[in-house]
Protein chains: 2
Amino acid sequence: MNEQIKALCCEYDIKFTTARFSILMVLKKASQPMNYEQIKEKMDSAMDKATFYRNIALFEEAGMVHKFEGDDRKWYFELSGKTHAHFICEQCHRIICMDVDFGEVEGEVKSIVLKGICKACQS
Amino acid sequence: MNEQIKALCCEYDIKFTTARFSILMVLKKASQPMNYEQIKEKMDSAMDKATFYRNIALFEEAGMVHKFEGDDRKWYFELSGKTHAHFICEQCHRIICMDVDFGEVEGEVKSIVLKGICKACQS
DNA sequence: TATTTTATGCAACTTAGTCGCAAAGGAGAT
DNA sequence: ATCTCCTTTGCGACTAAGTTGCATAAAATA
(Lines give C-alpha, C1' and ligand atoms only; values in the text may rest on other atoms or scores of the structure.)
Protein backbone atom coordinates (compact mmCIF):
# COMPACT_ATOMS: atom_id res chain seq x y z
CA MET A 1 0.00 0.00 0.00
CA ASN A 2 2.77 2.35 1.00
CA GLU A 3 4.43 1.83 -2.36
CA GLN A 4 1.21 2.30 -4.26
CA ILE A 5 0.69 5.66 -2.65
CA LYS A 6 4.25 6.73 -3.32
CA ALA A 7 3.70 5.75 -6.93
CA LEU A 8 0.52 7.79 -6.99
CA CYS A 9 2.34 10.87 -5.74
CA CYS A 10 5.10 10.29 -8.23
CA GLU A 11 2.63 9.98 -11.07
CA TYR A 12 1.14 13.35 -10.26
CA ASP A 13 4.44 15.04 -9.42
CA ILE A 14 3.61 15.59 -5.80
CA LYS A 15 6.22 15.26 -3.11
CA PHE A 16 5.60 12.43 -0.69
CA THR A 17 5.08 13.51 2.94
CA THR A 18 3.58 11.82 5.95
CA ALA A 19 0.53 14.07 5.96
CA ARG A 20 -0.16 13.35 2.32
CA PHE A 21 0.35 9.69 2.90
CA SER A 22 -2.22 9.65 5.70
CA ILE A 23 -4.85 11.33 3.57
CA LEU A 24 -4.27 9.20 0.50
CA MET A 25 -4.21 6.04 2.57
CA VAL A 26 -7.72 6.72 3.77
CA LEU A 27 -8.99 7.72 0.37
CA LYS A 28 -7.52 4.64 -1.22
CA LYS A 29 -9.27 2.36 1.24
CA ALA A 30 -12.55 4.26 0.98
CA SER A 31 -15.48 2.83 -0.90
CA GLN A 32 -17.37 6.10 -0.69
CA PRO A 33 -16.54 9.78 -0.99
CA MET A 34 -15.60 11.13 2.43
CA ASN A 35 -15.52 14.53 4.09
CA TYR A 36 -12.80 16.00 6.30
CA GLU A 37 -14.23 14.70 9.55
CA GLN A 38 -14.69 11.21 8.24
CA ILE A 39 -11.20 11.11 6.82
CA LYS A 40 -9.73 12.51 10.01
CA GLU A 41 -11.40 9.80 12.05
CA LYS A 42 -9.92 7.08 9.90
CA MET A 43 -6.42 8.49 10.08
CA ASP A 44 -3.87 6.92 12.35
CA SER A 45 -2.41 10.22 13.51
CA ALA A 46 -4.04 13.57 14.05
CA MET A 47 -3.76 16.21 11.40
CA ASP A 48 -4.57 19.88 11.38
CA LYS A 49 -7.51 21.12 9.35
CA ALA A 50 -5.32 23.58 7.48
CA THR A 51 -2.84 20.92 6.49
CA PHE A 52 -5.61 18.68 5.33
CA TYR A 53 -7.32 21.25 3.17
CA ARG A 54 -4.08 22.54 1.73
CA ASN A 55 -3.03 19.09 0.66
CA ILE A 56 -6.44 18.24 -0.67
CA ALA A 57 -6.33 21.42 -2.74
CA LEU A 58 -2.99 20.30 -4.08
CA PHE A 59 -4.32 16.87 -4.98
CA GLU A 60 -7.28 18.42 -6.63
CA GLU A 61 -5.27 20.82 -8.76
CA ALA A 62 -3.12 17.94 -9.85
CA GLY A 63 -6.25 16.04 -10.84
CA MET A 64 -5.56 13.22 -8.42
CA VAL A 65 -8.53 13.87 -6.20
CA HIS A 66 -11.98 15.02 -7.02
CA LYS A 67 -14.39 16.84 -4.76
CA PHE A 68 -18.03 17.81 -4.60
CA GLU A 69 -20.32 19.28 -2.06
CA GLY A 70 -22.68 17.10 -0.07
CA ASP A 71 -26.10 17.92 1.24
CA ASP A 72 -24.57 19.12 4.48
CA ARG A 73 -22.43 21.86 2.94
CA LYS A 74 -19.30 19.81 3.41
CA TRP A 75 -16.82 18.86 0.75
CA TYR A 76 -16.62 15.21 -0.10
CA PHE A 77 -13.45 13.80 -1.61
CA GLU A 78 -12.51 10.73 -3.57
CA LEU A 79 -9.64 9.59 -5.72
CA SER A 80 -10.20 10.43 -9.36
CA GLY A 81 -11.29 7.60 -11.53
CA LYS A 82 -13.90 7.00 -14.12
CA THR A 83 -16.14 10.08 -14.10
CA HIS A 84 -19.40 9.13 -12.46
CA ALA A 85 -22.34 10.84 -10.89
CA HIS A 86 -23.30 11.09 -7.26
CA PHE A 87 -26.87 10.99 -6.16
CA ILE A 88 -27.42 12.69 -2.83
CA CYS A 89 -30.60 11.92 -0.98
CA GLU A 90 -32.01 15.01 0.67
CA GLN A 91 -33.77 12.89 3.24
CA CYS A 92 -31.31 10.25 4.39
CA HIS A 93 -28.27 12.17 3.14
CA ARG A 94 -26.77 9.07 1.67
CA ILE A 95 -24.44 9.45 -1.28
CA ILE A 96 -24.95 6.93 -4.05
CA CYS A 97 -22.41 6.58 -6.83
CA MET A 98 -23.87 5.84 -10.22
CA ASP A 99 -22.80 5.57 -13.82
CA VAL A 100 -24.49 7.98 -16.10
CA ASP A 101 -23.96 9.24 -19.56
CA PHE A 102 -25.54 12.00 -21.55
CA GLY A 103 -23.33 12.38 -24.59
CA GLU A 104 -21.03 15.34 -24.90
CA VAL A 105 -22.20 18.51 -23.27
CA GLU A 106 -20.97 22.02 -22.53
CA GLY A 107 -17.23 21.73 -22.12
CA GLU A 108 -15.35 19.34 -19.88
CA VAL A 109 -17.41 17.81 -17.11
CA LYS A 110 -15.56 17.12 -13.89
CA SER A 111 -18.37 16.36 -11.49
CA ILE A 112 -22.00 15.42 -11.65
CA VAL A 113 -24.23 15.71 -8.63
CA LEU A 114 -27.89 14.78 -8.58
CA LYS A 115 -30.05 15.60 -5.61
CA GLY A 116 -33.45 14.28 -4.74
CA ILE A 117 -35.11 11.52 -2.82
CA CYS A 118 -33.63 8.07 -3.13
CA LYS A 119 -35.64 4.94 -3.80
CA ALA A 120 -35.35 3.73 -0.25
CA CYS A 121 -36.75 6.95 1.17
CA GLN A 122 -39.53 7.14 -1.39
CA SER A 123 -41.15 3.92 -0.35
CA MET B 1 -47.45 40.60 -12.52
CA ASN B 2 -48.84 41.26 -9.08
CA GLU B 3 -51.78 39.00 -9.81
CA GLN B 4 -49.58 36.27 -11.24
CA ILE B 5 -47.58 36.15 -8.05
CA LYS B 6 -50.66 36.08 -5.89
CA ALA B 7 -51.87 33.19 -7.99
CA LEU B 8 -48.57 31.44 -7.52
CA CYS B 9 -48.83 31.74 -3.75
CA CYS B 10 -52.39 30.56 -3.88
CA GLU B 11 -51.45 27.55 -5.95
CA TYR B 12 -48.90 26.46 -3.38
CA ASP B 13 -51.01 27.37 -0.36
CA ILE B 14 -48.68 30.07 0.82
CA LYS B 15 -49.94 33.25 2.38
CA PHE B 16 -49.25 36.36 0.36
CA THR B 17 -47.02 38.93 2.13
CA THR B 18 -44.96 41.85 0.91
CA ALA B 19 -41.69 40.11 1.67
CA ARG B 20 -42.77 37.07 -0.30
CA PHE B 21 -43.97 39.23 -3.10
CA SER B 22 -40.61 40.98 -3.37
CA ILE B 23 -38.71 37.72 -3.58
CA LEU B 24 -41.02 36.09 -6.07
CA MET B 25 -41.12 39.21 -8.21
CA VAL B 26 -37.37 39.05 -8.69
CA LEU B 27 -37.35 35.31 -9.30
CA LYS B 28 -40.11 35.60 -11.82
CA LYS B 29 -38.22 38.19 -13.81
CA ALA B 30 -34.93 36.32 -13.57
CA SER B 31 -33.52 34.48 -16.53
CA GLN B 32 -30.89 32.80 -14.40
CA PRO B 33 -30.73 31.23 -10.96
CA MET B 34 -29.81 33.91 -8.43
CA ASN B 35 -28.28 33.99 -4.98
CA TYR B 36 -29.36 36.04 -1.97
CA GLU B 37 -27.18 39.04 -2.75
CA GLN B 38 -28.27 39.20 -6.34
CA ILE B 39 -31.91 38.94 -5.41
CA LYS B 40 -31.53 41.54 -2.69
CA GLU B 41 -30.00 44.00 -5.14
CA LYS B 42 -32.88 43.62 -7.51
CA MET B 43 -35.50 44.13 -4.82
CA ASP B 44 -37.27 47.45 -4.51
CA SER B 45 -37.17 47.49 -0.72
CA ALA B 46 -34.60 46.13 1.67
CA MET B 47 -35.19 42.81 3.33
CA ASP B 48 -33.48 41.08 6.18
CA LYS B 49 -31.37 38.01 5.51
CA ALA B 50 -33.38 35.99 7.99
CA THR B 51 -36.68 36.89 6.40
CA PHE B 52 -35.32 36.04 3.01
CA TYR B 53 -33.99 32.64 3.95
CA ARG B 54 -37.05 31.72 5.98
CA ASN B 55 -39.33 32.50 3.09
CA ILE B 56 -37.13 30.78 0.59
CA ALA B 57 -37.16 27.71 2.79
CA LEU B 58 -40.93 27.87 2.79
CA PHE B 59 -41.07 28.14 -0.98
CA GLU B 60 -38.72 25.28 -1.31
CA GLU B 61 -40.66 22.97 0.98
CA ALA B 62 -43.76 23.76 -0.98
CA GLY B 63 -41.96 22.87 -4.18
CA MET B 64 -42.37 26.31 -5.66
CA VAL B 65 -38.70 27.18 -5.66
CA HIS B 66 -35.69 25.06 -6.28
CA LYS B 67 -32.17 25.65 -5.03
CA PHE B 68 -28.68 24.40 -5.63
CA GLU B 69 -25.24 25.38 -4.56
CA GLY B 70 -22.99 27.37 -6.86
CA ASP B 71 -19.25 27.23 -7.15
CA ASP B 72 -18.96 29.97 -4.55
CA ARG B 73 -20.70 28.06 -1.78
CA LYS B 74 -23.79 30.18 -2.12
CA TRP B 75 -27.30 28.94 -2.70
CA TYR B 76 -28.83 29.77 -6.03
CA PHE B 77 -32.58 29.89 -6.39
CA GLU B 78 -35.04 29.71 -9.25
CA LEU B 79 -38.71 29.07 -9.68
CA SER B 80 -39.44 25.41 -10.23
CA GLY B 81 -40.13 24.43 -13.79
CA LYS B 82 -39.05 21.73 -16.13
CA THR B 83 -36.27 19.84 -14.36
CA HIS B 84 -33.03 20.80 -16.03
CA ALA B 85 -29.36 20.66 -15.29
CA HIS B 86 -26.97 23.45 -14.39
CA PHE B 87 -23.44 23.46 -15.63
CA ILE B 88 -21.17 25.49 -13.40
CA CYS B 89 -17.84 26.56 -14.84
CA GLU B 90 -15.08 26.30 -12.25
CA GLN B 91 -13.10 28.96 -14.07
CA CYS B 92 -15.49 31.74 -15.00
CA HIS B 93 -18.13 30.64 -12.46
CA ARG B 94 -20.91 31.10 -14.95
CA ILE B 95 -24.02 29.00 -14.55
CA ILE B 96 -25.38 27.52 -17.74
CA CYS B 97 -28.81 25.94 -17.82
CA MET B 98 -29.13 22.90 -20.03
CA ASP B 99 -31.56 20.19 -20.89
CA VAL B 100 -30.34 16.76 -20.14
CA ASP B 101 -31.82 13.35 -19.85
CA PHE B 102 -30.49 10.10 -18.66
CA GLY B 103 -33.52 7.89 -18.34
CA GLU B 104 -34.89 7.02 -14.96
CA VAL B 105 -32.39 6.76 -12.19
CA GLU B 106 -32.23 6.28 -8.46
CA GLY B 107 -35.39 7.80 -7.06
CA GLU B 108 -36.78 11.24 -7.70
CA VAL B 109 -34.27 13.71 -9.05
CA LYS B 110 -34.76 17.31 -7.97
CA SER B 111 -31.54 18.91 -9.05
CA ILE B 112 -28.71 18.18 -11.39
CA VAL B 113 -25.45 20.07 -11.17
CA LEU B 114 -22.50 19.50 -13.44
CA LYS B 115 -19.18 21.16 -12.76
CA GLY B 116 -16.23 21.53 -15.03
CA ILE B 117 -14.74 23.91 -17.55
CA CYS B 118 -17.11 25.49 -20.02
CA LYS B 119 -16.47 25.67 -23.74
CA ALA B 120 -15.62 29.34 -23.64
CA CYS B 121 -12.94 28.82 -21.00
CA GLN B 122 -11.52 25.78 -22.70
CA SER B 123 -10.54 27.58 -25.86
C1' DT C 1 -61.88 45.89 19.85
C1' DA C 2 -59.41 42.09 22.13
C1' DT C 3 -56.86 37.87 21.44
C1' DT C 4 -54.19 34.79 19.15
C1' DT C 5 -51.31 33.49 15.49
C1' DT C 6 -47.96 34.41 12.00
C1' DA C 7 -44.33 37.20 9.75
C1' DT C 8 -40.56 40.38 10.08
C1' DG C 9 -36.17 42.53 11.65
C1' DC C 10 -32.31 42.78 14.51
C1' DA C 11 -28.43 40.89 16.59
C1' DA C 12 -25.94 37.18 18.18
C1' DC C 13 -24.44 32.76 16.82
C1' DT C 14 -22.61 28.61 14.13
C1' DT C 15 -19.28 26.32 11.53
C1' DA C 16 -16.78 24.58 7.34
C1' DG C 17 -13.20 26.21 5.36
C1' DT C 18 -9.21 29.85 4.84
C1' DC C 19 -5.14 32.67 5.96
C1' DG C 20 -0.96 34.53 8.31
C1' DC C 21 2.80 33.31 10.63
C1' DA C 22 6.23 30.88 13.16
C1' DA C 23 8.33 26.46 13.86
C1' DA C 24 9.62 21.90 11.99
C1' DG C 25 11.27 19.00 8.31
C1' DG C 26 14.00 17.87 4.06
C1' DA C 27 17.13 18.47 0.02
C1' DG C 28 21.30 20.19 -1.57
C1' DA C 29 25.82 22.68 -1.04
C1' DT C 30 30.07 23.31 1.55
C1' DA D 1 27.93 16.60 9.88
C1' DT D 2 26.62 21.44 9.48
C1' DC D 3 24.64 25.39 7.22
C1' DT D 4 21.30 27.41 4.15
C1' DC D 5 17.17 27.59 1.65
C1' DC D 6 12.69 26.14 0.60
C1' DT D 7 8.62 23.51 1.59
C1' DT D 8 5.38 21.63 4.80
C1' DT D 9 2.99 21.55 9.08
C1' DG D 10 0.32 23.26 13.09
C1' DC D 11 -1.73 26.75 15.72
C1' DG D 12 -4.87 30.33 16.21
C1' DA D 13 -7.35 33.96 14.41
C1' DC D 14 -10.41 34.97 10.87
C1' DT D 15 -14.35 34.85 7.21
C1' DA D 16 -18.87 34.85 5.74
C1' DA D 17 -23.14 32.34 4.29
C1' DG D 18 -26.66 30.90 6.46
C1' DT D 19 -29.31 30.01 11.08
C1' DT D 20 -31.59 30.87 15.45
C1' DG D 21 -33.70 33.37 19.48
C1' DC D 22 -36.35 36.85 20.70
C1' DA D 23 -38.98 41.03 20.64
C1' DT D 24 -41.95 43.72 17.75
C1' DA D 25 -45.27 44.34 14.00
C1' DA D 26 -48.82 42.80 11.15
C1' DA D 27 -52.64 39.92 10.04
C1' DA D 28 -56.30 36.68 11.04
C1' DT D 29 -59.94 35.28 14.10
C1' DA D 30 -63.29 35.85 17.43
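Chain letters run A, B, ... following the sequence lines, proteins first, then strands; residues in each count from 1.
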Original post:
Of all the nucleotides listed (D:dT9, C:dT8, D:dG18), which has the minimum atom distance to the side chain of B:Asn55?
Top reply: C:dT8
Original post:
What nucleotide, of D:dA17, C:dC10, D:dT9, holds the atom closest to the side chain of A:Thr17?
Top reply: D:dT9
Original post:
Side chain of B:Gln38, backbone of B:Asn35: donor and acceptor closer than 3.5 Å?
Top reply: yes
Original post:
Out of curiosity, A:Ile96 CD1 to A:Met98 CE, how far, rounded to the nearest 0.5 Å?
Top reply: 8.5 Å
Subject >> Gap between atoms NZ and C1', on B:Lys49 and D:dA16 respectively (whole Å) >> reply: 8 Å
**OP:** Select base, sugar-phosphate, or nothing to describe what A:Arg54 touches, counting heavy atoms under 4.0 Å on all strands.
**Re:** base
**OP:** Verify the contact: side-chain N or O of B:Arg73 to OP1 or OP2 of D:dA16, cut-off strictly under 4.0 Å; return yes or no.
**Re:** no
Subject >> Nucleotide nearest A:Ala50 when distance is taken to its side chain, options D:dC11, C:dT18, C:dA7 >> reply: D:dC11
**OP:** Please report, rounded to the nearest Å, how far the C1' atom of C:dC10 is from the CG atom of B:Asp48.
**Re:** 6 Å
Subject >> A:Met47 versus A:Ser22, closest heavy-atom pair with distance >> reply: CE-CB, 3.9 Å
Original post:
In whole angstroms, how far is the P atom of C:dG17 from the NZ atom of B:Lys74?
Top reply: 17 Å
Subject >> Rounded interatomic separation in angstrom, taking NZ from B:Lys40 and C1' from D:dG18 >> reply: 13 Å
Original post:
Which heavy atom of A:Ala19 sits nearest a heavy atom of A:Asn55, and at what distance?
Top reply: CB-ND2, 3.9 Å
Original post:
What is the distance from CD of B:Glu69 to P of C:dA16, rounded to the nearest Å?
Top reply: 13 Å
Original post:
So what does A:Lys15 hit on the nucleic acid, given a heavy-atom distance under 4.0 Å: a base, only sugar-phosphate, or nothing?
Top reply: sugar-phosphate
**OP:** Hey, can you tell me if A:Phe68 and A:His86 have their rings parallel, tilted or perpendicular (30° and 60° cut-offs)?
**Re:** parallel
**OP:** Mind calculating the distance between CZ (A:Phe16) and P (C:dG25) to the nearest angstrom?
**Re:** 16 Å
**OP:** Send over the distance from A:Tyr53 OH to D:dT9 P, rounded to a whole Å.
**Re:** 16 Å
**OP:** May I have the distance from A:Ile14 (atom CD1) to C:dG26 (atom C1'), rounded to whole angstrom?
**Re:** 18 Å
Original post:
Looking at A:Trp75, does any N or O in its side chain come under 4.0 Å of the phosphate oxygens OP1/OP2 on C:dA16?
Top reply: no
**OP:** Could you pick out which residue, B:Ala19 or A:Glu37, lies toward the 5' side of DNA chain C when each is mapped onto its nearest nucleotide?
**Re:** B:Ala19
